[in-house]
Number of protein chains: 2
Amino acid sequence: MMARDVDAALREHGIQPSAQRLVVADFVLRTDEHPTAEQVFDRVKSRLPMISRATVYNTLNLFVEKGLLRELVLGRSKDGERRVVFDPNLDAHHHFIDDATGAIHDVPWEAVKVSKVDRLEGYDVREYQVVMRGRAKRGARR
Amino acid sequence: MMARDVDAALREHGIQPSAQRLVVADFVLRTDEHPTAEQVFDRVKSRLPMISRATVYNTLNLFVEKGLLRELVLGRSKDGERRVVFDPNLDAHHHFIDDATGAIHDVPWEAVKVSKVDRLEGYDVREYQVVMRGRAKRGARR
DNA sequence: GTTCGTGCAAACGGTTTGCAACAAT
DNA sequence: ATTGTTGCAAACCGTTTGCACGAAC
């Protein structure tokens, strides 16, 4: 997503742009780092030092509500922190979590094949993803 | 797991049994309900009214550390609560989360087939699971 | 002037921790 | 005696909320 599109992206999702929302969006919609709310706050504060934590939390929640962003709750990072992170990638994809660093990598939908989900007895599966954990080799694409 | 085996299970995992630990284990190792810490506390308190929340939390963390129990952090329940739950099922399996109730159901490993995980470029996958969300039909097995 | 967004600080809820009492070995 | 376990209460940390100010339409 290009910088000039951020404003349009907000409007398309029924979100009234504001300086704060644009700065948050400009970071969170363009990253592939799956940041936590705190990381978004830090990043955004460097560009808009007077922004408050509450605004960042409210903005992120708003983006999730409006479908601009997805929230991932995948477990704990290496140092035992529970983690809620944000993912601007709205396409179906899987996730790989690096044991060593806790980093979350997107895995393209076609890279893994899941079968029989639609034949699961008793369950009507609306969506699914594979969550993998292990070691990322050096130079792995994110 | 049978009641009389709970004591043995603790010892086998290097956990010194105590009245509190036995009561916690007797519930959490035998349930298929994926309880939260709070739910464990409530259940256990009815059998051991003087037990403290801290002991339950400490005990659950100890069990996870010692590999008796797994902690799942899979997202939010229907009412928006973030949830950390405990799962005594140590065998590889998948999870289905009911959109309507937030209930987590174990899905047997063989019920879903995942391929190409071992061929993922750049990643050395140690373990994985499929996380599904949707509607559980009436009478679905847990 | 009404609505909407922001900043601040206080509140909140789940979890952890420090510590003194206690039990087990 | 030493070591490990418990209960209590306070601390903690990420997140949410109430409220008054200010900006935008």
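In what follows, every heavy atom counts, from backbone to side chain, and hydrogens, waters and symmetry copies are set aside. Chain letters run A, B, ... following the sequence lines, proteins first, then strands; residues in each count from 1. Computed from a predicted structure; not experimentally measured.
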**Study point:** Short side-chain N/O contact to C:dT15 OP1/OP2 from B:Tyr57, under 4.0 Å
**Key:**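 So the side-chain polar atoms of B:Tyr57 do come within 4.0 Å of the phosphate oxygens OP1 or OP2 of C:dT15, strictly under.
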Check your understanding: OP1 or OP2 of D:dT6 less than 4.0 angstrom from a side-chain nitrogen or oxygen of B:Ser18, does that happen here?
Key -> yes
Please name all residues satisfying ring-ring contact (aromatic ring centres under 6.0 Å, His included) with [X], sequence neighbours left out, ordered by chain then number.
| X | answer |
| --- | --- |
| B:Tyr128 | B:Trp109 |
| A:Phe27 | none |
| A:Phe63 | none |
| B:His93 | B:His95 |

Taking the side chain of [X] as heavy atoms from C-beta outward, which of [options] is closest to it?
| X | options | result |
| --- | --- | --- |
| A:Arg76 | D:dT15, D:dT6, C:dT16 | C:dT16 |
| B:Arg21 | D:dT5, C:dT15, D:dT15 | D:dT5 |
| A:Arg82 | D:dT15, C:dT15, D:dT6 | C:dT15 |

Euclidean distance, atom [atom1] of residue [X] to atom [atom2] of [N] [Å, nearest integer]:
| X | N | atom1 | atom2 | value |
| --- | --- | --- | --- | --- |
| A:Asn61 | D:dG14 | CG | P | 16 Å |
| A:Glu38 | D:dT16 | CD | C1' | 14 Å |
| A:Leu60 | C:dG5 | CG | C1' | 15 Å |
| A:Leu62 | D:dT15 | CG | P | 17 Å |
| B:Leu10 | C:dA24 | CG | C1' | 16 Å |
| A:Glu71 | D:dT16 | CD | C1' | 13 Å |

Practice item. Classify the nucleic acid contact of A:Arg53 as base, sugar-phosphate or nothing, counting any heavy atom under 4.0 Å across all strands shown. Key: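 Base contact.
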Is there any protein nitrogen or oxygen under 3.5 Å from a nitrogen or oxygen in nucleotides 20-25 of chain D, and what are the pairs?
none

Review point. What pair of heavy atoms forms the shortest contact from A:Gly102 to A:Ile97, and how long is it?
Key: O-CG2, 4.0 Å
Check your understanding: Shortest non-hydrogen contact from A:Val24 to A:Leu60?
Key -> CG1-CD2, 4.0 Å
Point to revise | With sequence neighbours excluded, residues passing salt bridge (Lys or Arg N to Asp or Glu O under 4.0 Å) with B:Glu127 | key: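 Expected list: A:Arg133.
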Point to revise | Residues forming a salt bridge (Lys or Arg N to Asp or Glu O under 4.0 Å) with B:Arg47, sequence neighbours excluded | key: B:Asp26
Review point. Taking the hydrophobic residues Ile, Leu, Val, Met, Phe, Trp and Tyr, and joining any pair whose side-chain heavy atoms are under 4.5 Å apart, which ones share a cluster with B:Val73?
Key: A:Val73, A:Val84, B:Val84
Check your understanding: Of B:Thr36 and A:Ala19, whose closest DNA chain C nucleotide lies nearer the 5' terminus?
Key -> A:Ala19
Polar pairs (N or O, both sides) under 3.5 Å between protein and nucleotides 7-11 of chain D?
unit_1 : atom_1 : unit_2  : atom_2 : d
D:dG7  : OP1    : B:Gln20 : NE2    : 3.3
D:dG7  : OP1    : B:Met50 : O      : 3.2
D:dG7  : OP2    : B:Ser52 : N      : 3.2
D:dG7  : OP2    : B:Thr55 : OG1    : 2.8

